[in-house]
Structure formats: structure tokens, C-alpha cells
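Note sheet for the following structure.
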Amino acid sequence: MTPGTVTINDVARAAGVSKGLVSLALNERPGVATETRERILAAARELGWTPNPSARGLTTRRAYALGLILRRPARTIEVDPFFAAFIAGVETVLAERGQVLVLTVVPDPEAEERAYTRLASDKRVDGFLLTDLLASDDRIGLIERLGSQAVSLGEPVGGSPFPVITRDYDAGIDELVAHLVDLGHRRIVHVSGDERMLHGLRRRERFDSAMRAAGLDPVVVATDFSPEQGAAATASLLDAPEPPTAIVYGNDPMAIAGMGVAHERGLRLPHDLSITGLDGSQIGTYIYPSLTTLDNDPAGWGIAAATALLRLVEHDEAADVDLPRARLVVRASTAPPAADR
């Protein structure tokens with residue numbers, strides 16, 4: 001039998017049960033004995049059965065899809081490894097359940113609101129994965145008004161009626177600043193991301209407090225998280241009368257761009273300049289020198305977010321998830337400043 005042409009009637013015949021019982025088992029509903037459920041699932045696997053989301057949606061009024069709307073330039077997915085790994089984590093969960101991710105990239109707030117309204121009103125998704133929370137974020141209220149569901153990466157200002165997925169970065173940023181200070185650095189600059197985004201703002205605020213706790217004045221250059229602005233900020237800093245001996249970037253792509261600028265200037269890394277990121281992207285292990293950063297596990301974010309949203313959609317369980325804290329990962333891109341050697 002050709003995979004993809006198998007129906008629940010075929011599974012029912014192979015398992016020796018009714019079509020209704022197969023439907024209950026395959027849709028993870030109660031009313032099926034454990035032994036019978038296992039026999040049905042084994043028959044489905046042997047026949048290569050895969051669910052038909054359209055047919056399931058007709059009977060359950062479910063889209064069997066989750067929505068992810070990104071208000072960023074389209075090339076964000078190309079240059080920022082966080083989103084690729086995050087989506088891979090989401091897909092890991094959805095593929096196991098025969099469900100799909102609907103990804104939409106929009107240029108501005110108006111297009112973003114239209115996208116949420118269209119997907120929710122047309123019942124094309126069962127809920128939304130919210131990333132890039134803003135200090136003033138209207139999406140929570142919008143999704144409530146649309147009668148849909150959501151899970152957010154991070155805790156929105158003022159709280160949320162939906163589950164939130166959080167990871168503690170504070171201790172990791174404290175460790176990172178302490179690591180640089182212990183190496184002997186005093187001129188440490190933070191090239192921050194877009195501070196309208198909560199994670200960009202909160203990372204900058206924690207950097208400020210960690211620097212002050214070390215008796216140092218925090219110096220921050222704000223950007224938009226893009227490699228282009230990370231590179232431009234690096235060039236400006238290196239042209240200063242007293243350039244920094246260490247730079248902490250708001251994400252790993254900016255740190256990698258900064259490395260490129262430093263290499264072009266003929267600097268020896270980390271002898272002449274220490275560089276760190278904050279995202280723990282896998283690519284940081286393969287560049288030269290390998291990037292000191294925080295362990296972030298973007299795929300883990302995706303797995304946790306998709307699992308929590310499906311639990312909310314399917315069982316009305318709205319449980320928050322605290323991921324393991326972001327740990328300092330020391331690699332080869334940090335060393336004592338040249339003056340201390």
C-alpha cells in the first residue's frame with residue numbers, strides 16, 4: 001500500500017476494530033483501552049498512515065496549524081540562526097502530531113495586525129507563537145479579541161492570560177561581565193539590540209547593573225539586532241580615542257559581524273579585543289576564534305512553546321514554562337586585555 005493513500009478504514013481493518021475507535025485512538029481521545037490503542041497505533045505505523053489535516057479539521061473544527069508572525073525584515077531568518085533553530089524546535093513537535101506551522105513575515109504594525117486578524121478569522125491556525133515582545137505590545141489584547149490562543153516567549157509587561165515561556169538571563173549576564181572583569185577588562189561596551197523589544201531592553205538593563213556592581217560605568221551603543229548595525233557600531237567603537245578592550249553584543253550575529261570588522265582592521269582576537277555574544281547559536285562554535293556567549297538553546301524554546309500552545313489548544317491547560325537558565329559558555333574569543341599581558 002502506498003504511504004499517503006492509507007485511510008483510517010485501512011487501519012481499522014488491520015487492527016480489527018471499528019473506524020470510530022481508530023479515530024478516537026489516533027486523535028488521542030479517551031474511551032480506548034490501552035491495549036487496543038497500542039494495537040491501533042502499531043497498525044497505523046506499519047501501514048504508514050499519516051493524518052489529513054483538512055479532513056480532521058472538518059470534524060474537529062481545528063486547523064491543526066500554529067501561526068508565527070514575524071515583524072522583521074524578511075532576511076532575518078537568513079541571517080539570524082535563532083529563528084532557524086527555534087522553527088526547527090517547533091517543527092519537531094508539530095511533525096510528530098501531523099500538524100504544520102504557518103509562517104508570515106510582515107514589514108510594519110499595520111500588516112502585522114492584518115495578518116493576525118486574517119489567520120484567526122479564517123480559522124487557518126489554532127493559536128499563535130509570540131516572539132519579540134515589545135515594552136508596549138498590543139498583540140496580547142488583539143489575540144484575546146479575536147478569540148484565539150497564544151504562547152509568548154518572555155513575560156509581557158502587565159502579564160498575560162496566555163502561557164509564557166521564560167529563561168533567566170540575569171545570572172548569565174552577571175557571569176559574563178564578571179568573567180571579563182576577572183580577565184582584567186575595564187573598558188567594556190555593550191552593543192545592544194532594539195531596546196523597544198523587551199529582551200533587548202532587559203539584557204541592556206542587566207548589563208548596566210552588572211557593570212555598576214563591578215564598580216564600572218556602563219557604556220551602551222543601541223542597534224536593531226542586525227549584523228549590519230553590529231558591524232557599523234564596531235567600526236565606530238574601534239575608531240574612538242580609547243577603544244574598548246571587550247565588546248558584549250546583544251546577539252551572536254552582531255558579535256560575528258563585529259569579529260569580521262576587527263579582523264579587517266588587523267586586530268588579533270582575542271589578544272587585541274575580546275568579543276562575546278548572548279544567544280548561544282551553534283554557528284559560534286565554528287568561527288575563529290570560537291565565540292564566548294550564553295547557552296540559549298533556541299530549539300528548546302521552540303519545543304517548549306509549541307508543546308505549551310498545543311496543550312492549551314487541545315486540553316485548555318495554560319501552564320507557564322521556566323526553561324533552564326542561560327549559562328556562560330567560555331570559548332576562545334575572550335582573553336586578558338593586551339595591556340595586562
Side-chain angles (χ1 to χ4, degrees), residues 1-68 83-103 119-120 122-131 147-153 162-165 297-324:
M1 191 171 294
T2 304
T5 65
V6 179
T7 68
I8 62 172
N9 288 323
D10 300 318
V11 177
R13 282 192 294 270
V17 297
S18 69
K19 175 182 172 181
L21 208 55
V22 171
S23 179
L24 290 175
L26 295 180
N27 286 290
E28 300 179 2
R29 295 184 176 180
V32 185
T34 300
E35 181 181 345
T36 303
R37 185 185 301 274
E38 290 175 353
R39 188 166 76 252
I40 292 170
L41 295 178
R45 286 193 298 269
E46 184 176 346
L47 292 173
W49 175 86
T50 56
N52 183 323
S54 298
R56 293 164 69 189
L58 290 174
T59 58
T60 64
R61 297 184 181 179
R62 286 270 314 276
Y64 292 93
L66 302 182
L68 174 61
F83 283 105
F86 172 76
I87 290 171
V90 172
E91 288 287 1
T92 297
V93 176
L94 297 185
E96 291 178 349
R97 306 190 184 199
Q99 303 192 34
V100 298
L101 177 68
V102 177
L103 172 65
L119 291 178
D122 293 348
K123 307 296 184 184
R124 292 177 56 190
V125 299
D126 298 315
F128 296 96
L129 302 162
L130 298 183
T131 67
S148 190
Q149 305 281 20
V151 164
S152 66
L153 274 58
F162 305 121
V164 299
I165 315 298
D297 185 19
W301 278 99
I303 291 170
T307 301
L309 184 50
L310 288 178
R311 188 179 298 120
L312 176 61
V313 169
E314 296 172 354
H315 306 293
D316 200 28
E317 296 177 6
D320 296 341
V321 179
D322 291 323
L323 297 174

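In what follows, residues are counted from 1 in the order of the sequence shown.
Using a 4.5 Å cut-off on side-chain heavy atoms (C-beta onward), S148 and F128 make contact.
Rounded to the nearest 0.5 Å, atoms CG (L153) and CZ (F86) are 4.5 Å apart. With values rounded to the nearest 0.5 angstrom, Q99 atom CD is found 5.0 Å from R62 atom CZ.
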Applying side-chain contact (heavy atoms from CB on, under 4.5 Å) to D126 and L310, what does each step give before you reach the verdict? CA-CA 9 Å; D126 298 315; L310 288 178; 6.0 Å; no
(request) Evaluate the criterion side-chain contact (heavy atoms from CB on, under 4.5 Å) for residue pair F83 and T131; output intermediate values, then yes/no. (result) CA-CA 10 Å; F83 283 105; T131 67; 4.0 Å; yes
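K123 approaches A63 most closely through the heavy-atom pair O-CB, 3.2 Å. Closest non-hydrogen pair, V102 versus A65, comes out as CG2-CB, 4.0 Å.
Legend: residues meeting side chain to side chain contact (heavy atoms under 4.5 Å, CB included) with A43, ordered by chain and number and at least two apart, are V11, A14, A15. E317 pairs by the salt bridge (charged side-chain N to carboxylate O under 4.0 Å, His left out) definition with R311, not counting sequence neighbours. Shown here are the side chain to side chain contact (heavy atoms under 4.5 Å, CB included) partners of L103, two or more places apart in sequence or in another chain: L68, L70, I77, I87. Applying the side chain to side chain contact (heavy atoms under 4.5 Å, CB included) test to A304 and every residue at least two apart in sequence or in another chain returns I165, V321, L323. Shown here are the side chain to side chain contact (heavy atoms under 4.5 Å, CB included) partners of A318, two or more places apart in sequence or in another chain: P163, L312. Partners of D320 according to the side chain to side chain donor-acceptor pair (under 3.5 Å) rule, which considers only residues two or more places apart in sequence or in another chain, do not exist here.
Here the rule is side-chain contact (heavy atoms from CB on, under 4.5 Å) with L309, and of L130, V125, V93, L129 only L129 fits it.
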